[in-house]
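These notes concern the structure reproduced below.
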Amino acid sequence: MMKKMSISTSKTSLVLFLCQIISALDVPLDLSQPPTITQQSPKDYIVDPRENIVIQCEAKGKPPPSFSWTRNGTHFDIDKDAQVTMKPNSGTLVINIMNGGKAEAYEGVYQCTARNERGAAISNNIVIRPSRSPLWTKEKLEPNHVREGDSLVLHCRPPVGLPPPIIFWMDNAFQRLPQSERVSQGLNGDLYFSNVQPEDTREDYICYARFNHTQTIQQKQPISVKVFSMDSLNDTIAANLSDTDIYGAKPVTERQPVLLTPTGSTSTKVELRGNVLLLECIAAGLPTPVIRWIKEGGELPANRTFFENFKKTLKIIDVSEADSGNYKCIARNALGSVHHVISVTVKAAPYWITAPRNLVLSPGEDGTLICRANGNPKPSISWLANGVPIAIAPEDPSRKVDGDTIIFSHVQERSSAVYQCNASNEYGYLLANAFVNVLAEPPRILTPANKLYQVIADSPALLDCAYFGSPKPEIEWFKGVKGSILRGNEYVFHDNGTLEIPVAQKNNAGTYTCVARNELGKIQNEVQLEIKDPTMIIKQPEYKVIQRYGQVSFECIIKHDSTLLPTVTWLKDNDELPDDERFLVGKDNLTIMNVTDKDDGTYTCIVNTTLDSVSASAVLTVVARPNPPFDLELTGQLERSIDLSWIPGDENNSPITSFVIEFEDALHEPGVWRYQTEVPGSQTTAQLKLSPYVNYSFRVIAVNRIGRSQPSEPSEQYLTKSASPDENPANVQGIGSEPDNLVITWEPLKGFQSNGPGLQYKVSWRQKDVDDEWTSVIVANVSKYIVSGTPTFVPYEVKVQALNDLGYAPEPSEVIGHSGEDLPMVAPGNVQVHVINSTLAKVHWDPVPLKSVRGHLQGYKIYYWKVQSLSRRSRRHIEKKILTFRGNKTFGMLPGLEPYSSYKLNVRVVNGKGEGPASPDKVFKTPEGVPSSPSFLKITNPTLDSLTLEWGSPTHPNGVLTSYTLKFQPINNTHELGPLVEIRIPANESSLILKNLNYSTRYKFYFNAQTSVGSGSQITEEAVTIMDEAGILRPAVGAGKGYSEILFATSPVMHTVRPTFYKVQPLYPRIRNVTTAAAETYANISWEYEGPDHANFYVEYGVAGSKEDWKKEIVNGSRSFFVLKGLTPGTAYKVRVGAEGLSGFRSSEDVFETGPAMASRQVDIATQGWFIGLMCAVALLILILLIVCFIRRNKGGKYPVKEKEDAHADPEIQPMKEDDGTFGEYSDAEDHKPLKKGSRTPSDRTVKKEDSDDSLVDYGEGVNGQFNEDGSFIGQYSGKKEKEPAEGNESSEAPSPVNAMNSFV
């Protein structure tokens, strides 16, 4: 069986269910049915007498109903009244008032009847009354003379209107009269004064009555009020009063409360259920009484209770029988209280419990009409059939009346009728129409076919199947075209045919079929269900605290179903955002610029789609520095203290943490504010300590987490009395500036410390440890006194006492000082030197007697200098060095000495005056040490089997050189190292020729020097032998300069066979020769690299001397150059090059400086006419030279050397590519030019002009062609020249045009 659920089930979609049920019971309009009233005018219908009266009555039925009216219980024949018409196909009456009719003539009770062959429906009794706005009756208003403090009531007494008017009080300028706890308007419109004040005197108290229905305002004549005080009674007023009144008049006195309304101690109030209950208490008294409300025996209802009119009115909305009871108002002031109890009874006009509903039955079926209502008192129920009391209506055997129920049994078609239920009591009535329609109809499904329903996942899905049939059809649901009937707990089947899926999931999507069947037939309908992803706010706005004038942003990032289009709306405090350009709404955020205090509040992000809505809120708190305190007040003035109080300013959403109090001394330092004290933020008073003879004023600064407020306005000034000083000067010192004086100094007292006029100082001194009397002198307000004629550096006792015109300060404390210092008289003795090693020595001396120091001993100084180096026997400029040892020390260490050198030193004592005499010079020598590395190592003149090595002696030999050690080993193409060979070389040599080496082989050399102490640090270099005698000579790595060949006979090193290689960790990679060429805003960086192929380089750079992190630029490919851009003109930079993936290997750092910034008015040379012309001329000249060169090459053909090379190519010795580190071919694609005899580059690698025009110069190397460290030729495609050393043979020729072209290859 299908699970069914009553429509009264408590669910969020209850309203939807009710609407569906009602529509399911509606009879389709193409079927016969009794009339149903669809629209009618209200029961109490107040009309505007100036406009036509329209009394509505609309109904539906089949066949369409006809309409008739009754007026005051009798038939209203509209055809006999020309002013009354009925709208076509309607029962609505239109009474024409605007064409001469009078509304008063049509007052009465009207009722409409709609009738067809199946029954008659009737409307409510509609009471028609025209609105009224009568004028005030004329009356003579006497002026109100009232004594100050008395109560007063100004009566309004508006005319009785329909509906009642709205009352308010204004003056002649149409300004509302201000109301307060003391003066207020009552519910009856009167104006009540709890006590009058002189400012209440005026002549234009005017009561206005506004009649909303007719949009008119009526006003009462102005009322005059004159308030008198006893002091202001004049003779005119006295004449109007009796002597007794004058004699008995008293000053304004306070009075306990008295109720002005309601009167007495109790009253009653009846209110109807559902209305608003208004209770009022207004009291007189001085001071003005305060009103409080309570309910005896209970609590005032929460959420429905409100206080109005300064708590004089208690308002309870939507009252029910439970609100009945006794309500007490209590009026209280300082003199007493008064109360009044209002007994409230809540009655009720009839209200529905179960209203009768239309009943559709098939012939032979049973049914019931139920009419149940409640009220206070209990309403009576009466039935009518087709507008006629059921007792006198035509009988129907199928009908039986049982109180509030009509029971129908075995109905037939003639049983169709409209029944009326009337529930009434003394406070009103209810009338309901319900028809009984007897039909025999097969099922109909009223929901459109293939209707699409879209719901959000995890929400209820409601699929409609609105139906009609008689008898009532049974409803079944299927999923899919051929699915089985739906059953189970996951579905809810409602009486109106609706299928509910309480929690719809994605798998619930699809086609659903509704089947309706009764004994007369069967019908089905399909609907579609789509399940959408819910809209979610995945990033909600967050609580923000922002300072005033800052910027804040709230995020609202959403996720939604892709088929739904969301709209995002931002609200502030549940209202639209202010129309302000500071509010910027983005795609997923709200930004507020230049935040102000009014932006404080709650901001809500609302996301709406056609199916769902989500929202999230966040609070914005705008904080700022506090406002300055105000109302500073000085109290409790004493000679040495005063109380200061203040009122804090607004804290601006950030609690005040403290108050800083500052003072100004207008007597001594006007305009200068100084710190006095600081108190916690919860404190608004402070007791301040004062000094005598100061003209104080104070100000207060509030402090919160944001900062300090502006200072408050200064307080009033307060001048304290004079007194003798409380304190003496601070920081008293006695220090001599010369050997025969004592300078006594102190910090003078500040103005407010003087405590009185005539501030002076008594300065006293005496020599310590001598029975001398104090010597004193009184000086003016200064800070120094000089005592002359003192012994050198003698201790003194010193004190300084303050005094003014009223006396001395307390006795001051004494301090110890000294007279002036003089230079020490003797030098340290017994100076001894102990040499620890070749760079460190220890010096000892005897201390100088303290008496001969003649001052404060500060330490000793050692002067030392190098006389000569023992290895070079050459003197140089003597540079003395000084080491200072503070305190009474008797030894010191001398670091950083040079080995194998002769030194001298002396020692001097130092005091505050200066240095004493030097001790006799002491000579000592340092022993030998290990030498530094050789100054250079150059490898020149490579041949098939030999290399020439040249070196320089160490810059610092640090002793007598005994020999040099050379180690070398071959390196193959995979960076494997061969066996190591070692050679010992005499110390007096500077070059060596290594013979019997392997051809086309790379060698690594290690070279160092030795003394008797040991070996120094080594220098390394690499070079490659050439491939054969006919090959092109390669400049050696590290040569770079021209040196003559030096032969040195030594033991030959023979390599008759290839050595055995051992796999070792290569010494590569390395990056060397990092060079820079800097311009104004960029720099060209180039380098040389040895290591694995296809390395990925990067360049790091930064400002020289800066601690900032290095900036990194990746080099594209394996190039060995890079351009740094975006540099700052005139700035020194550091740079280094590294290779990725090589354990962080980098080159050494290089430093360069960009060029200075050019003036902004500098003209770009490339845009100058003369430069463009010059470039055109140069281009033309180059073109001519290229043509000449091309002709010469074509005439030359092949050279014989090239032919010989082609015929005798050695398969074992083939040129290798650049990437394996060996020789490559150096030939032109069109022409090959071997060197002629005598044109081989000499050892200095210069090319003389007369040798050959077909030299390497033609190939762009100029005079500086050279080899890379891997033996490959560089400079072949470069027109750049480097400056040669002075001793080399230079060629000043410029690169040829061919070179210029090749430089662009």
Is the backbone N or O of Val196 less than 3.5 Å from a side-chain atom of Asp150, with the two atoms forming a donor-acceptor pair by type? no
Would you name the heavy atoms of Trp646 and Pro629 that are closest together and state the gap between them? CD1-CB, 3.8 Å
Hey, what's the ring geometry for Tyr208 with Phe174, parallel, tilted or perpendicular (30° and 60° as the breaks)? tilted
Contacts of type side chain to side chain donor-acceptor pair (under 3.5 Å), residue Asn627, not counting sequence neighbours: Asn652
Counting only N and O atoms by type, is there a donor-acceptor contact under 3.5 Å from the side chain of Thr288 to the main-chain atoms of Arg182? no
Take Arg202 and Glu199 through the test salt bridge (charged side-chain N to carboxylate O under 4.0 Å, His left out) and record every step on the way to the result. CA-CA 8 Å; Arg202 62 189 308 151; Glu199 59 266 25; over 6 Å; no
Taking Asp597 for the side chain and Arg548 for the main chain, is one N or O donor matched with an acceptor at less than 3.5 Å? no
When you compare the side chain of Asp200 with that of Tyr205, does any pair of heavy atoms fall below 4.5 Å? yes
Identify, with sequence neighbours excluded, every residue that meets ring pair (Phe, Tyr, Trp, His ring centres under 6.0 Å) alongside Phe630. none
Side chain to side chain donor-acceptor pair (under 3.5 Å) partners for Ser783, two or more places apart: none
By ring pair (Phe, Tyr, Trp, His ring centres under 6.0 Å), which residues pair with Phe663, not counting sequence neighbours? Tyr696, Phe752
Please answer whether the main-chain N or O of Thr602 pairs with a side-chain N or O of Asp573 as donor and acceptor at a distance below 3.5 Å. yes
Measure the spacing between CG of Leu584 and CG of Asn589 and express it to the nearest 0.5 Å. 9.0 Å
If the condition is ring pair (Phe, Tyr, Trp, His ring centres under 6.0 Å), which residues does His856 pass it with, not counting sequence neighbours? Phe793, His818
What residues, two or more places apart in sequence or in another chain, satisfy salt bridge (Lys or Arg N to Asp or Glu O under 4.0 Å) together with Arg582? Asp580, Asp599
Is there a ring pair (Phe, Tyr, Trp, His ring centres under 6.0 Å) between Trp570 and Phe583 once you walk through the steps? CA-CA 10 Å; Trp570 287 91; Phe583 288 77; over 10 Å; no
Applying side chain to side chain donor-acceptor pair (under 3.5 Å), can you list everything that pairs with Thr604, at least two apart in sequence or on another chain? Ser617
Backbone of Gly756 reached by a side-chain donor or acceptor of Ser722 within 3.5 Å: no
What side chain to side chain donor-acceptor pair (under 3.5 Å) pairs are there with at least one residue in residues 676-687, not counting sequence neighbours? Ser658-Glu678
Find out whether Pro648 and Phe659 are in side-chain contact, i.e. whether some heavy atom of one side chain is under 4.5 Å from a heavy atom of the other. yes
Would you please name every residue forming a side chain to side chain donor-acceptor pair (under 3.5 Å) with Glu308, sequence neighbours left out? Lys315
Quick one: does any side-chain atom of Glu664 pair with a main-chain N or O of Pro714 as donor and acceptor, under 3.5 Å? no
Keeping the roles fixed (side chain from Asp204, backbone from Pro222), state whether a donor-acceptor pair exists under 3.5 Å. no
Side chain Glu280, main chain Leu187, donor-acceptor under 3.5 Å: yes
Thr635 OG1 to Asp643 CG distance, which is reported to the nearest 0.5 Å: 4.5 Å
Just grab all the ring pair (Phe, Tyr, Trp, His ring centres under 6.0 Å) pairs involving residues 667-689, residues at least two apart or on different chains. His668-Tyr693
Using a 4.5 Å cut-off on heavy atoms from C-beta on, say whether the side chain of Tyr796 contacts that of Val787. no
Looking at Arg304 and Ile317, would you say the former's side chain and the latter's main chain have a donor-acceptor pair under 3.5 Å? yes
Check whether any side-chain N or O of Asn333 sits under 3.5 Å from a backbone N or O of Pro287 as a donor-acceptor pair, and report yes or no. yes
For a salt bridge (charged side-chain N to carboxylate O under 4.0 Å, His left out) with Arg699, tell me which candidate from Glu716, Glu662, Glu713 qualifies. Glu662
Any idea which heavy atoms bring Thr201 and Val227 closest together, and the distance? OG1-N, 3.0 Å
Enumerate the residue pairs fulfilling side chain to side chain donor-acceptor pair (under 3.5 Å) with a member in residues 801-814, sequence neighbours excluded, ordered by first and then second residue. Lys799-Glu811
Using a strict cut-off of less than 4.0 Å between a Lys/Arg side-chain nitrogen and an Asp/Glu carboxylate oxygen, indicate whether Glu669 and Arg674 qualify as a salt bridge. yes
Would you say the side chain of Asn309 lies within less than 4.5 Å of the side chain of Gln185, judging by non-hydrogen atoms? no
Partners of Tyr718 by ring pair (Phe, Tyr, Trp, His ring centres under 6.0 Å), sequence neighbours excluded? none
Please determine, by modelled atom types, if Gln179 and Ser184 share a side-chain donor-acceptor pair under 3.5 angstrom. no
